[in-house]
Engineer: 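Sharing a structure with you now.
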Amino acid sequence: MNKILKKAALGAAAASLVLALGACGTTTIAASGQIGAAGEPKDGGTITFGLDRDVATLDPAKSAITSQPTLAVANALFDPLMAYGPDGSVEPYLAKSFEAMDATQTKWLLKLHDGVKFTDGSPLNAAAVVSYMEHLAKKETACSCRGDVLKISKSEAVNETDVEFTLAAPNAAFPKGFTRQMGYIASTTAKDAFGFPIGSGPYQVKDYKSGDAITMARNENYWGKKAHADTIVFKSLPDTDSRYQSLVSGAADIIWTESASQFNQAELDGMDRSTATTGTSLGVFNSRTAPFDNPAARKAVSMAIDPGALLKVVNEGTGVVAAGPITSTSSYEATAKAPGHDTKEAARIAASLPTPLSFEYLTDGRPQSQARAVAIQQMLAEVGITMTIKATDLSQFGAALVSGNFQMVDFTTSLFGDTENAFTSMYPSDGLANFSGYKNATVDTLVAESKAEPDAAKRGLLYNQIAERGFQDVPFTFYTENLDGFILDPKRIGGVADVSSWSLVSIRPSDFWSPAS
Amino acid sequence: MVRRAGRALCVLFLVALATMSLPLLLPGSAAVAVLGTNVSAAELAAFTSMHHLDANPLERLWMWVTGVLHGDLGTSIVSGASVAGELQARLPITVELVVLSQLLAILLAIPVALRAAWRPGSLLDRLSAGLSFVLLSIPGFVLGLALIFLFAVQLRILPATGWVGFAQDPVGHVQHLILPVLTLSLGEAAVYLRALRANAGEILVENYIHAARSRGMAPGRILRTRVLRSASLPLVTIVGINIGASFGGALIVETLFAIPGIGRLLSSSIAVRDYPVIESLAIIAALAVVVATVAVDLSYRIIDPRISHAANN
């Protein structure tokens with residue numbers, strides 16, 4: 001017993017020393033733009049990646065591996081047609097090129113690399129891409145991307161490597177839609193030993209245990225640059241605290257987290273971070289029903305909320321204040337300015353309303369969302385607005401969003417990472433993500449113009465005009481751009497991309513390498 | 001016995017019917033979890049209808065029972081995986097976790113409770129009372145995190161999270177079991193200790209115990225043969241109830257230690273309203289509780305034959 005106590009005391013003392021030394025450490029970014037172990041990448045070894053959730057399926061047509069925390073799984077098994085480059089721009093990846101065929105922005109030509117093969121050796125050619133698009137369009141595939149796929153009126157393989165897409169309406173940002181779910185081309189004919197469709201990625205599934213881990217082995221016949229690590233294990237570590245403890249204890253080499261306190265703690269523990277501000281938190285008003293069918297009520301609430309205070313209290317100072325729909329990492333410059341926080345004006349508007357403003361605020365039950373709701377409740381009380389908080393779970397929350405059965409919701413999304421998609425889905429009256437029920441004919445026209453505008457600079461001007469209208473009509477009120485990403489142990493992993501300027505965190509595990517190998 | 005079996009079947013039927021009513025009662029939508037939020041209400045309704053989530057509970061129960069009779073527990077709406085396959089992989093893990101933690105809790109509680117009762121007010125009695133109070137006050141996830149911090153992060157002698165199959169690596173299997181089993185069992189041991197200590201204290205002042213002592217019977221033998229048997233009736237009742245409740249405790253421990261058991265499967269299925277999985281798991285959990293309750297009832301007759309005689313008379 002004494003021995004154990006002595007060992008525990010020594011462990012605690014050693015840990016204190018490590019904490020003290022670690023306090024001086026910060027993440028170092030190599031000249032290559034990568035984070036983690038220094039030196040030349042080595043081949044071999046095993047990397048263990050801690051995911052924040054169970055991965056129920058490896059089929060990219062489902063959403064399980066195409067949300068930000070799990071995109072690394074998708075990038076290991078599949079190749080996206082388009083991918084984000086280090087500067088945040090979208091570049092061809094599995095595609096060799098993806099360009100508009102004429103000025104209408106309705107006809108697009110995708111050219112694939114020659115000789116790309118699925119892991120079973122069958123060709124990933126134009127016919128495979130067309131077949132996959134047809135698969136996604138089917139109702140029974142139940143892809144959440146179906147709405148976007150149905151905007152393609154025709155996909156045709158014109159030869160072995162070229163696919164011609166004809167769109168129902170102009171879309172100047174069409175290729176960007178292939179960075180996520182629609183872009184991960186899976187075989188429609190072949191499945192692996194675990195029943196999942198195969199891809200053409202740098203790894204292939206060696207073992208899949210539901211709710212436990214996915215073990216992947218390097219694809220030795222990969223068409224592109226081969227992966228460094230022999231094996232990658234994606235472990236499901238759903239509890240935020242024990243996931244971090246797993247990293248510190250050596251059971252994982254890299255983890256995904258959205259916890260502000262863990263990012264701060266990582267610095268003290270001598271861990272590296274690769275983070276971005278890709279998740280935007282905002283309040284969405286239901287403009288179809290009372291009390292927020294009155295724009296003055298929306299304005300009063302919006303002006304009473306102090307996003308800077310939310311950043312300090314809820315995000316523990318990590319991340320940035322969200323200035324609007326054009327995020328800090330967007331390739332477009334935000335010139336439209338939101339009215340800003342003004343308690344006096346908010347109180348004046350609230351007092352001028354025919355009845356005292358009182359409403360229900362819906363949250364998805366996550367701790368950060370709850371904390372934000374409580375802070376907002378206090379801010380609104382100061383200007384005489386009564387807010388009650390209703391906490392739900394994600395399923396109930398999603399159903400309320402779609403059905404419009406809410407007054408105001410606390411919404412956190414990575415949608416704003418893709419500026420074009422955010423403007424075309426959240427603002428127009430027929431937008432798929434227009435949960436607010438916002439209707440403005442001028443905005444509809446501007447969105448239609450932006451879709452057809454091939455020039456990015458001109459498109460940026462249109463987006464700022466839409467944002468300006470939005471600030472006047474207030475269908476949403478923006479809070480913060482939250483920090484999320486990876487914490488890693490630089491002693492055990494190298495080659496992790498610095499995602500700080502990325503608008504979508506989609507790292508490639510093929511770049512990871514193990515110093516121990 | 002027949003009456004008891006009939007009652008058990010009634011309970012199971014009611015639980016199954018209540019479970020099959022969940023899609024109509026619970027807010028939230030499985031369709032949103034699968035199709036996302038960028039879909040129309042009509043598409044959500046079509047999805048709901050395709051998976052019979054809008055059917056009446058009796059109809060759903062009938063479909064489930066006929067499926068079970070054909071060896072089919074249904075298919076997950078979210079992953080498309082067979083529910084039977086998921087259960088086959090995960091149920092043994094949870095059962096192992098629950099059984100081992102109950103055994104450890106009983107093994108820890110019995111000797112300490114009996115010895116403490118033998119000498120009321122002794123150091124052991126006071127220490128065990130204090131410790132059990134502390135263990136009862138600490139929530140399971142806090143205890144689990146503290147154990148991870150001590151044994152995995154500081155001492156680095158046990159893994160923080162994860163699961164290894166026995167066939168794959170027997171030593172690794174045991175190493176991965178220790179912290180979750182400790183987390184589950186320490187709280188339970190405190191409950192058993194307090195219950196057994198109180199009962200043993202009452203029995204130790206009975207005349208037949210004084211008689212045994214005056215005949216010179218060794219304390220250990222008195223505790224084993226006279227006190228434990230009489231004092232364990234309430235303990236058996238608590239253990240029986242706890243086996244059902246342990247599935248709830250397993251959920252927390254499985255999430256904390258990243259163990260792929262049915263607790264975690266149930267939790268993630270509830271989050272996305274994956275009703276085929278929820279229904280099968282709920283009915284199996286109810287079956288486990290019913291079987292445990294019947295087993296406890298039957299064990300009373302073995303532990304205390306007077307109950308059997310009374311029932312027969």
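Just so it is clear: chains get the letters A, B, ... in the order the sequence lines come, proteins before strands, and each one is counted from 1.
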Engineer: Distance check, rounded to the nearest 0.5 Å: A:D54 atom CG versus B:S269 atom OG?
Structural biologist: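 A:D54 atom CG to B:S269 atom OG measures 9.0 Å (nearest 0.5 Å).
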
Engineer: Tell me, side chain or backbone of A:D393 under 4.5 Å from chain B's heavy atoms, or both, or neither?
Structural biologist: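 Looking at A:D393, just its side chain touches chain B.
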
Engineer: Counting only non-hydrogen atoms closer than 4.5 Å, does B:E254 touch chain A with its backbone (N, CA, C, O), its side chain (CB onward), both, or neither?
Structural biologist: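 For B:E254, neither part sits under 4.5 Å from chain A.
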
Engineer: At a 4.5 Å cut-off on heavy atoms, which part of A:L237 comes close to chain B: side chain, backbone, both, or neither?
Structural biologist: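 Backbone plus side chain of A:L237, per the 4.5 Å heavy-atom cut-off to chain B.
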
Engineer: What residue in B:A46, B:A152, B:G144 has the most heavy-atom pairs under 4.5 Å with chain A?
Structural biologist: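 With the most close heavy-atom pairs to chain A, the winner is B:A152.
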
Engineer: Counting only non-hydrogen atoms closer than 4.5 Å, does A:S63 touch chain B with its backbone (N, CA, C, O), its side chain (CB onward), both, or neither?
Structural biologist: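 When you check distances to chain B, only side chain atoms of A:S63 fall under 4.5 Å.
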
Engineer: Test your reading of the model: is there a side-chain donor-acceptor pair from A:S242 to the backbone of B:L256, 3.5 Å cut-off?
Structural biologist: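 Side chain of A:S242 to backbone of B:L256: a pair is present.
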
Engineer: Can you tell me how far NZ of A:K139 sits from CG of B:L35, rounded to the nearest 0.5 angstrom?
Structural biologist: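 Here the interatomic distance stands at 10.0 Å.
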
Engineer: Answer yes or no: is there a donor N or O on one side and an acceptor on the other, between the side chain of A:R53 and the main chain of B:S268, under 3.5 Å?
Structural biologist: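 Side chain of A:R53 to backbone of B:S268: no pair is present.
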
Engineer: Rounded at 0.5 Å granularity, tell me how far CD in A:Q245 sits from CZ in B:F257.
Structural biologist: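 Rounded to the nearest 0.5 Å, the CD-CZ separation comes out at 10.5 Å.
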
Engineer: When only pairs under 4.5 Å are counted, which of A:S144, A:S425, A:G195 shares the most heavy-atom pairs with chain B?
Structural biologist: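 Most pairs with chain B among the choices: A:S144.
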
Engineer: For A:A142, is it the side chain, the backbone, both or neither that has a heavy atom under 4.5 Å from a heavy atom of chain B?
Structural biologist: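 The answer is both parts of A:A142.
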
Engineer: Check whether B:P159 gets within reach of chain A through its side chain, its backbone, both or neither, counting any heavy atom under 4.5 Å.
Structural biologist: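 Interface part for B:P159: neither.
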
Engineer: Test your reading of the model: is there a side-chain donor-acceptor pair from B:R273 to the backbone of A:S395, 3.5 Å cut-off?
Structural biologist: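 A pair under 3.5 Å: no.
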
Engineer: Flag the one option from A:G365, A:A56, A:S249 with the top tally of heavy-atom pairs under 4.5 Å to chain B.
Structural biologist: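 Of A:G365, A:A56, A:S249, A:S249 has the most heavy-atom pairs under 4.5 Å with chain B.
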
Engineer: Which bit of A:F397 comes within less than 4.5 Å of chain B, counting heavy atoms only: side chain, backbone, both or neither?
Structural biologist: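 Neither part, no heavy atoms under 4.5 Å.
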
Engineer: Any idea which heavy atoms bring A:D241 and B:L145 closest together, and the distance?
Structural biologist: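 Looks like CB-CD2, 3.7 Å.
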
Engineer: Find out whether A:K209 and B:P260 are in side-chain contact, i.e. whether some heavy atom of one side chain is under 4.5 Å from a heavy atom of the other.
Structural biologist: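 Result no, sub-4.5 Å side-chain heavy-atom pair not found.
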
Engineer: How far apart are the closest heavy atoms of A:P238 and B:R264, and which atoms are they?
Structural biologist: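 Answer, listing the atom of A:P238 first, then B:R264: CG-NE, 3.7 Å.
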
Engineer: Which bit of A:R146 is near chain B, if near means a heavy-atom gap under 4.5 Å: side chain, backbone, both or neither?
Structural biologist: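 The side chain, not the backbone.
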
Engineer: Looking just at side-chain N and O atoms, do B:T161 and A:S246 make a donor-acceptor pair shorter than 3.5 Å?
Structural biologist: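 A donor-acceptor contact under 3.5 Å links the two side chains.
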
Engineer: Go through the atoms of B:L26 and report whether side chain, backbone, both or neither lie under 4.5 Å from a heavy atom of chain A.
Structural biologist: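 For B:L26, neither part sits under 4.5 Å from chain A.
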
